[in-house]
Amino acid sequence: MKKIALFLAIAALPLFAQEKTSETESFSRSKELLVLYDKILRQSTHKSHFDGYVAYSGVLGDNSYGTLSIGVLYRPFTSKYFLSNMLCSNYRQYTETKRLTGISLSQDAEKEMDRIISGIREYRKRAWYKRIVLMTGTNAPVGFSDYSLQEMNWYASAGYEVADNIFISAGSTLEKNPRAVVSVSVAYFSGLWSAGYSVAERYERSFTNRHVYEHKKDE
């Protein structure tokens with residue numbers, strides 16, 4: 001009887017090991033999806049209606065001149081996801097991992113990710129009126145026509161985003177005798193934010209991997 005029990009126990013070992021392996025793989029895959037989900041949630045918080053810009057401006061009046069400007073713009077109808085490219089990349093990786101493994105997260109998690117990606121797609125295909133922006137900035141104290149010194153003036157204008165991060169605008173200086181200001185601008189703050197986040201993420205990943213490698217090597 002003992003021999004029979006021992007035989008059955010030995011025969012069951014491969015099945016038990018296979019079940020354990022299956023559970024471990026399933027947990028590992030679920031964890032991978034959770035990591036991607038966490039990344040998407042964290043990266044989606046980096047969005048704003050505001051952005052910084054630099055511009056080439058023409059100040060019009062009795063003494064017209066061209067100069068550089070710098071300022072802040074406001075998108076009143078929509079906010080911009082600064083990390084939209086990373087978000088879309090992580091979402092594609094998530095959906096592909098889910099397709100290959102047959103594992104998915106909760107319905108609430110899926111809805112939240114769909115909402116984020118839908119917001120990015122809507123921004124990229126936004127209606128014309130959602131491209132209207134409000135801008136304020138200051139002119140450099142040097143004119144490009146003869147490099148003569150000019151008075152620095154704050155100005156306010158309304159602009160239109162003709163391409164991603166490229167704007168044309170028209171407004172006036174904020175002074176006692178206002179002068180018209182027309183500008184061609186490039187938004188830079190969101191791009192710098194995205195680049196800085198990418199560098200920080202790579203450094204963190206590199207540091208973590210090196211720490212784990214060195215820890216295992218010492219063991």
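Numbering of residues begins at 1 and proceeds along the displayed sequence.
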Problem set entry | Worked check of side chain to side chain contact (heavy atoms under 4.5 Å, CB included) between Q43 and S89 | CA-CA 12 Å; Q43 291 174 357; S89 176; over 6 Å; no

For this session: Check whether any side-chain heavy atom of Y129 lies under 4.5 Å from a side-chain heavy atom of T78, and answer yes or no.
Result: no

Problem set entry | Rounded distance [0.5 Å steps], CG in N90 versus OG1 in T95 | 10.5 Å

Problem set entry | Approximate separation, where rounding is to 0.5 Å, of L87 CG and R92 CZ | 10.5 Å

Problem set entry | Heavy-atom neighbours of E96 CD exceed 12 at 6.0 Å | yes

For this session: Flag the pair L105 / Y94 as yes when at least one side-chain heavy-atom distance between them is below 4.5 Å, and no otherwise.
Result: yes

Problem set entry | N153 side chain near R179 side chain, heavy-atom distance below 4.5 Å | yes

Exercise. Could you walk me through whether R126 and F77 pass the side chain to side chain contact (heavy atoms under 4.5 Å, CB included) check?
Worked result: CA-CA 10 Å; R126 60 198 179 281; F77 300 106; over 6 Å; no

Problem set entry | Transitive ILVMFWY side-chain link V184 to Y160, under 4.5 Å | yes

Exercise. If you measure from NZ on K111 to CD1 on I116, what distance do you get to the nearest 0.5 Å?
Worked result: 14.5 Å

For this session: Using the rule that two of Ile, Leu, Val, Met, Phe, Trp, Tyr join whenever any of their side-chain heavy atoms come within less than 4.5 Å, decide whether V181 and V72 are in one cluster.
Result: no

Problem set entry | Separation between CH2 of W154 and CG of N139, rounded to the nearest 0.5 Å | 10.0 Å

Problem set entry | Heavy-atom pair of closest approach, residues P76 and V133 | CD-CA, 4.1 Å

For this session: Please examine the side chains of S118 and E122, heavy atoms only from C-beta on, and report whether any two atoms are closer than 4.5 Å.
Result: no

Exercise. Can you check whether T67 reaches M152 side chain to side chain, under 4.5 Å on heavy atoms?
Worked result: no

Problem set entry | Side-chain heavy-atom pair N165, S190 within 4.5 angstrom cut-off | yes

Problem set entry | S185 and L73, any side-chain heavy atoms less than 4.5 Å apart | no

Exercise. Only one of K47, K130, R75 forms a side chain to side chain contact (heavy atoms under 4.5 Å, CB included) with Y123, so which one is it?
Worked result: R75

For this session: Give the cluster check for I70 versus L134: same hydrophobic cluster or not, with ILVMFWY residues linked at side-chain heavy-atom distances below 4.5 Å.
Result: no

Problem set entry | F189 and W193 aromatic centres sub-6.0 Å | yes

Problem set entry | Which atom of T97 lies closest to which atom of Q93, heavy atoms considered | OG1-O, 2.7 Å

Exercise. Between M86 and S198, which heavy-atom pair has the shortest distance, and what is it?
Worked result: CE-CB, 3.2 Å

Exercise. What pair of heavy atoms forms the shortest contact from S48 to F82, and how long is it?
Worked result: CB-CZ, 3.8 Å

For this session: Find out if a path of hydrophobic residues (ILVMFWY) with successive side-chain heavy-atom gaps under 4.5 Å connects I166 to F50.
Result: no

For this session: Enter the distance from C88:SG to Y81:OH here, rounded to the nearest 0.5 Å.
Result: 10.5 Å

Problem set entry | Check ion pair E110-K98 (N to O, under 4.0 angstrom) | yes

Exercise. Which atom pair, heavy atoms only, marks the closest approach of S84 to R124?
Worked result: OG-NH2, 3.6 Å

Exercise. Could you state the interatomic distance from OG1 (T173) to CG (L60), rounded to the nearest 0.5 Å?
Worked result: 10.0 Å

Problem set entry | Same apolar cluster: Y74 and Y53, side chain cutoff 4.5 Å | no

For this session: Applying side chain to side chain contact (heavy atoms under 4.5 Å, CB included), run through Y155 and S69 and close with a yes or a no.
Result: CA-CA 10 Å; Y155 67 90; S69 303; 3.3 Å; yes

Seminar exercise, completed: G159 and S169 have their tightest heavy-atom pair at CA-CB, 3.6 Å

Problem set entry | side chain to side chain contact (heavy atoms under 4.5 Å, CB included) evaluation trace for S44 with E112 | CA-CA 10 Å; S44 69; E112 182 64 15; 5.6 Å; no

